[in-house]
Protein chains: 2
Amino acid sequence: MICAIIKIMQKNQKITLADVAEAANVSPITVSRALRSPDKVSPKARDRIERAIAQLGYVPNPAARALASGRTDVIGVIIPSVSNNVFAEVMRGMYDALSGSGLTVQLATTGYSPLAEEHLIRVFLTQQPSGLILAGHDQSPAARDLLARANCPIVQVMEVGPKPIDVAVGLSHHDGAFLAARHLIERGYRAPAFLGAQMDPRSQRRLAGFRAAMREAGLAEVTQVVTTPEPSSVSMGCRLFADLIAHHPQIDAVLCNNDDLALGVLFEAQRRNLSIPDRLGICGFNDLEMMEAAQPPITSVQTDRYGMGQLAIAQIRDRLEGRGHPAGTSIDLGFALQIRDSTGGWRG
Amino acid sequence: MICAIIKIMQKNQKITLADVAEAANVSPITVSRALRSPDKVSPKARDRIERAIAQLGYVPNPAARALASGRTDVIGVIIPSVSNNVFAEVMRGMYDALSGSGLTVQLATTGYSPLAEEHLIRVFLTQQPSGLILAGHDQSPAARDLLARANCPIVQVMEVGPKPIDVAVGLSHHDGAFLAARHLIERGYRAPAFLGAQMDPRSQRRLAGFRAAMREAGLAEVTQVVTTPEPSSVSMGCRLFADLIAHHPQIDAVLCNNDDLALGVLFEAQRRNLSIPDRLGICGFNDLEMMEAAQPPITSVQTDRYGMGQLAIAQIRDRLEGRGHPAGTSIDLGFALQIRDSTGGWRG
DNA sequence: CTGTTAGCGCATTCAA
DNA sequence: TTGAATGCGCTAACAG
């Protein structure tokens, strides 16, 4: 075996499965099997093969494997944007859940364009991925059609909806915002407003939840909503709030579409010497780590983004092993309203 | 052509290059060429081919392409962590610069482990990537050896260093911190401290820059440094600062390793009613968007992370076309100290 | 500018 | 449990 290895190494080329087979004195297909289902190979052969692989430094060629098998070890992930920090945690959960699986994630971004999403779905699906992870439930009809025919697990993350394509992992953004708005009202705020940027479908549902709570409280008349299609940021929170308070000074609380905006509102309110929570209540969405650390700490709707990423990958891994949840399953990770000082005041 | 297309569609299978060739009445290799170098195909043939591709909805099989050509259209990107938000902007720059190139990014994370990095480099390189992007200059000797032999462009991002493997795009973290520290001293602060979390190599160099400035000002004696290997966060900034001020109440300024920590210091200082910038000066690093929006706005060292990502991809694209910078080039994107209210006080 | 031949490295199918 | 034959879809190298 030593001789064989030396001879092969001297070729000074890429090490292939055939080289390993030669060094281990078995046929290539046996090496292939040893790699994919080690229990179908005799322990002796397996041992020789493993040794040869280690000594030669063999690494399988995924392209050849994909071409021959008609499958790839790639999980396609299609999200709107990498710089939206709600997705960062989701991605971290995915990467962590990937470890030791031999699977890799291929990330693509739509820039919030449904057409771009449809195109990416089409491209990914023709590449026979091991699975596909999508953000949300608002794929175009054509895309849904493609996905329905796909023969790989499809996981929709971020939110749960009425009719998942396959499996969904998320939460109800409507309900989260509804509960947050109701909390503001219960705390005695009588003129809460909604602040939103980058109004994607999930943001729209948060807004709907806010409106529902306001209607329930008989406050529909005084409801103020300020939104912009531009990306969300802390500065945008400052600007939107400045705009809001200039036109509607009677506003006494703000439900923000996300935590960046909420932090911007906090800063802008401090600049204007509006006391929090007495003159102004602030509530965010997602509960980024900094909400707890802020001065004062900011009330926010906690969501388990890391868990979503992990579960999405876990579901695909389970499916590939014949287990996992059946199509049609929605996994609602829920949310938790973290009540903090920014809405802590008693308002009679 | 219409007939041919109908016949092919009826196969109801994956559309291959051969199908396109049949529909367009050319040989497969001509279609292949039309895809890769359209100018080497006659306009008439190209037109027929493009039409057939559109009508059949043909999408190339990257695995087959990779296997046949020995190259992939994948750019490997190896970074420490996806949840560290300095990398989010870099990634956004990369994805933007990718558009229309047919290249894709394959992201992998090391979890700040040099061994993991070495392993990933090994795996990526055996897959004949179009390029490789690495964070920083602290690859293991074995990894540098592998990379030196690689026959694809290698771009080191985040920082510039003495001896790039191929091309480097970044800035001097030492100099950025040096300038920031000198700024604090010039403003009259007499006992600046350094706060750091997740002390990766770049953080170490920032610390070195801080120390150098302190030495230069004859303040080496009073230099206080608080660091932790744990991940950086706003809350961590609160905690580290609380720790610092408890043991060293004479501290009058803090240079933070990054902006998350700086924001935490701001919040914690506000909780303790330390007036900023009079009692305490705060300086961050990276100049995240929120630094400008904070109340008071926080001085920070602005870095062009988006540009780094863009340039890294652009360099690889250029190289693939035979252009681009030669090996050994370092592109220093520099930094800009953004002086804001958190260090704005006059201190006599 | 276009086509022919051959083969990339591996997995599937069948046979032993 | 192992192996032989075959082909996945595409491109390199050459020839025309």
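Here is how names work: the chains are called A, B, and so on, in the same order as the sequence lines, proteins then strands, and each is numbered from 1.
Evaluated for a side chain to side chain contact (heavy atoms under 4.5 Å, CB included) with B:Ile133, the options B:Leu107, B:Ile313, B:Ile78, B:Ile79 yield exactly one hit, B:Ile313. Applying the side chain to side chain contact (heavy atoms under 4.5 Å, CB included) test between B:Leu98 and each of B:Ile316, B:Thr104, B:Leu103 identifies B:Leu103 as the sole match.
Remark: A:Gln127 pairs with no residue by the side-chain hydrogen bond (donor to acceptor under 3.5 Å, both in side chains) rule, at least two apart or across chains. Residues satisfying the salt bridge (Lys or Arg N to Asp or Glu O under 4.0 Å) criterion with B:Asp200, sequence neighbours excluded, are B:Arg202. Judged as a side chain to side chain contact (heavy atoms under 4.5 Å, CB included), and not counting sequence neighbours, the contacts of B:Thr329 are B:Val167, B:His325, B:Pro326, B:Ile331.
Using a 4.0 Å heavy-atom cutoff across all strands shown, B:Pro60 reaches sugar-phosphate atoms only and no base atom. Using a 4.0 Å heavy-atom distance criterion, B:Ala63 is classed as making no nucleic acid contact.
Side chain of A:Gln139 to backbone of A:Gly136: a donor-acceptor contact under 3.5 angstrom is found. Looking at A:Asp19, its side chain does come within 3.5 Å of a backbone N or O of A:Thr16 through a donor-acceptor pair. Of the possible donor and acceptor atoms, none in the side chain of A:Ser83 sits under 3.5 Å from a partner among the backbone N and O of B:Glu89. Looking at A:Gln156, its side chain does come within 3.5 Å of a backbone N or O of A:Ile165 through a donor-acceptor pair.
The separation between B:Arg48 atom CZ and C:dC1 atom P is 15 Å, rounded to whole Å. At whole-Å resolution of the value, CG in B:Leu67 and C1' in C:dC8 are 4 Å apart. The interatomic distance linking A:Lys14 (NZ) with C:dC8 (P) rounds to 10 Å, in whole Å.
Residues from residues 121-130 of chain A placing a heavy atom under 4.0 Å of any atom in DNA chain D do not occur.
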Assign a letter to each nucleotide of nucleotides 11-16 of chain C from its 5' end: B, base within under 4.0 Å of a protein heavy atom; S, sugar-phosphate only; -, no contact. SB----
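When DNA chain D is scanned in the 5' to 3' direction for atoms under 4.0 Å from non-hydrogen atoms of chain A, the outermost contacting nucleotides are D:dT1 to D:dG9.
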Step by step, would you call B:Glu118 with B:Arg122 a salt bridge (Lys or Arg N to Asp or Glu O under 4.0 Å)? CA-CA 6 Å; B:Glu118 186 180 321; B:Arg122 196 181 301 276; 3.3 Å; yes
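Contact annotation: B:Thr30 reaches the phosphate of C:dG3 (side-chain N/O to OP1 or OP2, under 4.0 Å).
There is no side-chain donor-acceptor pair under 3.5 Å between B:Thr110 and B:Ser113.
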